[in-house]
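Note that this is a predicted model, so its numbers are computed, not measured.
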Amino acid sequence: MSLVLKNVNKSFKEGDSTVNALKNVSLTVNAGDFIAIIGPSGSGKSTLLSIAGALLQPTSGEVLVNGTDIGKMKEKDLSSFRLTDVGFILQTSNLIPYLTVLDQLLLVRKMKSKVTEKDKEFAKSLLTSLGLGEKLNKFPNELSGGERQRVAIARAFVNDSHIILADEPTASLDSNRAFEVVKQIRKEVKGRNKAAVMVTHDERMLEFCDKVYRMEDGVLTLQK
Ligand code: ADP
Ligand code: MG
């Protein structure tokens, strides 16, 4: 599985002016790659992830998933791509307050099909590998910030999506928790052969990534 952005441009119209948020961005992420993007606020990092996950359309350029241009997909295929092929991890965990830890994961499966015993076992094993085996029946308000973010990681992996997109996943955590969370993401990416991109402000997290890109004013360049 590979994710390729080819000469992607994105501009936003703001009244009379236009913001060029992405300028000719190209990026290749292969299965097993854990890639980091750093760069100042407003430089286009979230826009890039949104386009990679088909939440936004590029103004020009292509997003290829295993060679298929998602810009040419029908809306039905695109919805299914967003739901099952991409796992998103965001800055805040965005858990649903009235669902237990286990049910947070099973909800995504329910949207797709009936939940089987096998689905449940997979969700439990994921949560266990993220150190949440004792928390399956807890509600979000009974968890710490780090635990909630680990639930969000498990949720991103539960559909066995090939692509993982994380937008500042450690922003709400203290540094010990942040290290833990990024290590866990890396472990899942490597162990399950995912193609992953993480946007981060935190330079200390870069040691866990295979390649580091820098985004500056809509231009993406390889740093390491
Ligand atoms: P980052 O994630 O690096 O902080 P963003 O990708 O969120 O940056 O934003 C890049 C630029 O695009 C900024 O100038 C931002 O104001 C602009 N932008 C992002 N989303 C929109 C939008 N929906 N409408 C208008 N401008 C936007
Ligand atoms: Mg952002």
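With a 4.5 Å cut-off on side-chain heavy atoms, Q184 and K187 count as touching. The closest side-chain heavy-atom distance from I51 to L48 is not below 4.5 Å. When side chains are defined from C-beta on, V197 does not count as touching I164, because their heavy atoms never get closer than 4.5 Å. T221 has its side chain out of reach of M215: every pair of non-hydrogen atoms, C-beta onward, lies at least 4.5 Å apart. Contact check for K124 versus L102: side-chain heavy atoms found under the 4.5 Å cut-off. Two residues are said to be in side-chain contact when any heavy atoms from C-beta on lie closer than 4.5 Å; T200 and L206 meet this criterion.
Evaluation of the side chain to side chain donor-acceptor pair (under 3.5 Å) rule for N30 yields no partner, not counting sequence neighbours. With sequence neighbours left out, T116 forms a side chain to side chain donor-acceptor pair (under 3.5 Å) with D119. Remark: D167 engages S46, L49, L90, V199 in a side-chain contact (heavy atoms from CB on, under 4.5 Å) (not counting sequence neighbours). Partners of K114 according to the side chain to side chain donor-acceptor pair (under 3.5 Å) rule, which considers only residues two or more places apart in sequence or in another chain, do not exist here. In this structure, Q57 has no side chain to side chain donor-acceptor pair (under 3.5 Å) partners at least two apart in sequence or on a different chain.
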Run the side-chain donor-acceptor check on residues 60-69: report pairs under 3.5 Å with partners two or more places apart or on a different chain.
unit_1 : atom_1 : unit_2 : atom_2 : d
S60    : OG     : N9     : ND2    : 3.2
N66    : OD1    : S2     : N      : 3.1
D69    : OD1    : G71    : N      : 2.9
D69    : OD2    : K72    : NZ     : 3.2

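We find the CD1-CZ distance between I185 and F157 to be 6.5 Å, quoted to the nearest 0.5 Å. The line from CD1 of I35 to NZ of K211 is 5.5 Å long, rounded to the nearest 0.5 Å. In this structure, I38 CD1 and E216 CD are separated by 9.0 Å, a value rounded to the nearest 0.5 Å. With rounding to the nearest 0.5 Å, the separation of CG in L56 from CG in L22 is 9.0 Å. From N94, atom CG reaches atom CD1 of I89 across 12.0 Å, with rounding to the nearest 0.5 Å.
Geometrically, K10 engages F12 in a cation-pi contact, judged by NZ or CZ lying under 6.0 Å from the ring centre and within 45° of the ring axis.
Residue L78 comes nearest to A54 through the heavy atom pair CD1-CB, 4.2 Å, listed as atom of the first residue, atom of the second, then distance. Taking each heavy atom of V29 and A195 in turn, the nearest pair found is CG1-CB, 3.8 Å. Nearest approach of A178 to M205, heavy atoms of both residues: CB-CE, 3.5 Å. Closest approach of P140 to P97, counting heavy atoms only: CD-O, 3.5 Å. C209 approaches M198 most closely through the heavy-atom pair SG-CE, 3.7 Å. Closest of all the heavy-atom pairs between I37 and L220 is CG2-CD1, 4.1 Å.
The salt bridge (Lys or Arg N to Asp or Glu O under 4.0 Å) contacts involving residues 190-203 comprise D160-K194, E188-R192, K190-D210, D202-R204, where partners must be two or more places apart or lie in separate chains. For residues 133-152, every residue pair satisfying the salt bridge (Lys or Arg N to Asp or Glu O under 4.0 Å) rule, not counting sequence neighbours, is listed here: K135-E147. Listed by first and then second residue, the salt bridge (Lys or Arg N to Asp or Glu O under 4.0 Å) pairs involving residues 44-57 amount to none (not counting sequence neighbours). Legend: side-chain hydrogen bond (donor to acceptor under 3.5 Å, both in side chains) pairs involving residues 18-29, not counting sequence neighbours, sorted by first then second residue: N7-S26, K23-D217. Screening residues 74-93 for salt bridge (Lys or Arg N to Asp or Glu O under 4.0 Å) gives E75-R82 as the qualifying pairs, with residues at least two apart or on separate chains. Pairs passing the ring pair (Phe, Tyr, Trp, His ring centres under 6.0 Å) check and including a residue from residues 163-192, sequence neighbours excluded, read F179-F208.
In this structure, the side chain of Q104 engages the main chain of I96 through a donor-acceptor pair within 3.5 Å. The backbone N or O of P169 sits less than 3.5 Å from a side-chain atom of Q149, completing a donor-acceptor pair. Within the 3.5 Å criterion, the main-chain N or O of L55 finds no donor-acceptor partner in the side chain of S50.
The hydrophobic cluster containing V4 does not contain L27, counting ILVMFWY residues as joined when their side-chain heavy atoms lie under 4.5 angstrom apart, directly or transitively. Under a hydrophobic clustering in which Ile, Leu, Val, Met, Phe, Trp and Tyr are joined whenever their side-chain heavy atoms come within less than 4.5 Å, directly or via other members, L143 and L106 fall into the same cluster. The hydrophobic cluster containing M73 also contains L5, counting ILVMFWY residues as joined when their side-chain heavy atoms lie under 4.5 angstrom apart, directly or transitively. Under the 4.5 Å side-chain heavy-atom criterion for grouping Ile, Leu, Val, Met, Phe, Trp and Tyr, V8 is connected to F81 within one hydrophobic cluster. Residues V101 and F139 are members of separate hydrophobic clusters, defined by side-chain heavy-atom contacts under 4.5 angstrom among Ile, Leu, Val, Met, Phe, Trp and Tyr.
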Residues K118, E121; criterion salt bridge (Lys or Arg N to Asp or Glu O under 4.0 Å); working and verdict: CA-CA 5 Å; K118 203 167 142 234; E121 287 314 310; over 6 Å; no
